[in-house]
Amino acid sequence: MKRFFMKYGFAVLATATVVAVALSLMTFLSNHINVLENAAGTVAAPFRSAAAFVADWIDDQLRYVEDFDELRRENKELRRQIAEMEEQLRQAQEDSEENQRLRELLDLRERRRDLSDFETATVIERSVSNWSAVMTLSKGASSGVEEGDCVLSSEGYLVGFITKVGSSWSTLQTLVDTDASMGAQVFRSGDIAVAEGDFALMRQNKLKLTYLPAGATLLVGDLVVTSGLGDYCPSGVVIGSVEELVVDEGGLAAYAVIAPAARLEELKQVFIVKSFEIVE
């Protein structure tokens with residue numbers, strides 16, 4: 001053994017020294033690497049957090065865009081469905097109104113068998129000035145409408161007369177127009193007179209009953225109908241009712257104010273009488 005250390009002792013010592021130095025160096029480096037790693041981790045942590053935040057934000061934005069596109073597609077589809085339902089509702093309403101007009105026309109035919117030929121028309125324009133109260137209707141010469149045709153409401157009340165005709169339109173002069181004039185009769189007494197428009201009354205949607213016979217005994221509420229004079233309107237069509245009596249100095253009725261039975265300001269549909277039978 002002594003001879004071994006004498007012969008190899010230096011080599012063993014050198015080897016041990018190298019191993020010890022290597023172990024010390026590895027321990028030193030290991031400790032410092034951990035410190036560096038910790039320092040690097042500490043410095044990089046905010047950046048890693050920022051990168052994660054940015055990544056999450058980008059991901060949220062992408063999902064938002066996808067959701068927004070999906071909502072936009074759904075919204076477009078809902079608008080289309082609503083538009084379809086609104087169109088169906090409009091069509092149903094138009095069909096209902098058409099059915100109502102047909103029922104009114106049938107009822108009017110039953111009540112007035114002397115009115116042989118009607119043409120339904122829509123009021124498409126109203127015009128009231130200082131001197132006139134007219135309406136434009138949706139039917140004209142192409143539908144057989146002629147000047148002088150009388151026009152009734154769905155209840156069969158007098159509305160006025162056709163004064164101008166185009167191909168697909170016509171002008172209705174309402175019975176309160178200042179130029180309107182028609183033969184009239186007091187239904188209760190049978191007194192014959194003239195119903196005509198009046199400048200002062202037109203704005204109130206009223207007209208006057210004039211040329212009353214001497215001794216006429218009118219009462220407020222008396223029904224006034226057409227007399228059939230002139231052959232341009234059938235007799236017995238309701239004009240309106242007496243609302244006020246105006247007497248002269250002798251105490252006799254000078255004229256009466258008539259409130260039309262037809263609600264002129266509400267009319268949407270009317271019936272144009274193109275022909276009728278004259279009943280003696």
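Predicted model, so just to flag it, every value in this text is computed and none were measured.
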Do the side chains of [Y] and [X] get nearer than 4.5 Å, heavy atoms only?
X      : Y      : result
Val224 : Val242 : yes
Val225 : Ile239 : no
Asp198 : Leu207 : no
Leu267 : Ser153 : yes
Arg188 : Leu219 : yes
Val270 : Leu152 : no
Phe271 : Ser154 : yes

For [X] and [Y], work out which heavy atoms get closest and say how close.
X      : Y      : value
Cys150 : Pro234 : SG-CD, 3.7 Å
Ser142 : Ser168 : OG-CA, 4.2 Å
Gly148 : Phe161 : O-CD2, 4.1 Å
Ile124 : Ser138 : CG2-CB, 4.1 Å
Met182 : Leu175 : CE-CB, 3.9 Å

Legend entry - Over 12 foreign heavy atoms within 6.0 Å of CZ, Arg263: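 Check fails, neighbour count at 12 or below.
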Legend entry - Hydrophobic cluster of Leu71, others only, ordered by chain and residue number, side-chain cut-off 4.5 Å: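 Traced through the cluster, Leu71 reaches no other member.
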Legend entry - Partner residues of Glu70 under the salt bridge (Lys or Arg N to Asp or Glu O under 4.0 Å) criterion, sequence neighbours left out: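 Checked Glu70 against salt bridge (Lys or Arg N to Asp or Glu O under 4.0 Å); matches are Arg73.
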Legend entry - Interatomic spacing from CG in Asp149 to CD in Glu119 - rounded to 0.5 Å: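 Nearest 0.5 Å value for the CG-CD distance: 10.0 Å.
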Legend entry - Straight-line distance of Leu78 CG to Met85 CE, nearest 0.5 Å: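 One finds 8.5 Å between CG of Leu78 and CE of Met85.
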Legend entry - Matching residue for Gln185 among Asp191, Ile192, Leu223 - test: side chain to side chain contact (heavy atoms under 4.5 Å, CB included):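 Among Asp191, Ile192, Leu223, the one meeting side chain to side chain contact (heavy atoms under 4.5 Å, CB included) with Gln185 is Ile192.
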Inset, instruction - Using side-chain hydrogen bond (donor to acceptor under 3.5 Å, both in side chains) as the criterion, point out the one residue from Gln269, Lys268, Lys139 that pairs with Thr122. - result: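 Testing each of Gln269, Lys268, Lys139 against Thr122, the sole residue satisfying side-chain hydrogen bond (donor to acceptor under 3.5 Å, both in side chains) is Gln269.
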Joint hydrophobic cluster, [X] plus [Y], side-chain heavy atoms closer than 4.5 Å:
X      : Y      : value
Val273 : Trp169 : no
Leu209 : Val194 : no
Leu201 : Val134 : no

For the backbone of [Y] and the side chain of [X], can you confirm whether one donor and one acceptor N or O come within less than 3.5 Å of each other?
X      : Y      : answer
Thr226 : Val237 : yes
Ser170 : Lys164 : no
Asp177 : Ala133 : yes

Inset, instruction - Please report the C-alpha distance between Val176 and Lys206 in whole Å, then the side-chain angles of each, then the deciding distance to 0.1 Å, and finally whether the side chain to side chain contact (heavy atoms under 4.5 Å, CB included) criterion is met. - result: CA-CA 6 Å; Val176 299; Lys206 298 175 183 178; 5.6 Å; no
Legend entry - Contacts of Arg126 that satisfy side-chain hydrogen bond (donor to acceptor under 3.5 Å, both in side chains) - sequence neighbours left out: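 Once residues adjacent in sequence are excluded, Arg126 has no partner under the side-chain hydrogen bond (donor to acceptor under 3.5 Å, both in side chains) criterion.
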Inset, instruction - Give the intermediate values and the outcome of side chain to side chain contact (heavy atoms under 4.5 Å, CB included) for residues Leu172 and Val159. - result: CA-CA 8 Å; Leu172 162 64; Val159 176; 3.6 Å; yes
Legend entry - Lys208/Glu243 salt bridge by N-O under 4.0 Å criterion: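 Looking at Lys208 together with Glu243, the answer is no, because their closest N to O distance does not fall below 4.0 Å.
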Inset, instruction - Would you sort out whether Glu74 and Arg79 count as a salt bridge (Lys or Arg N to Asp or Glu O under 4.0 Å), showing the intermediate values? - result: CA-CA 9 Å; Glu74 291 178 359; Arg79 287 200 301 269; over 6 Å; no
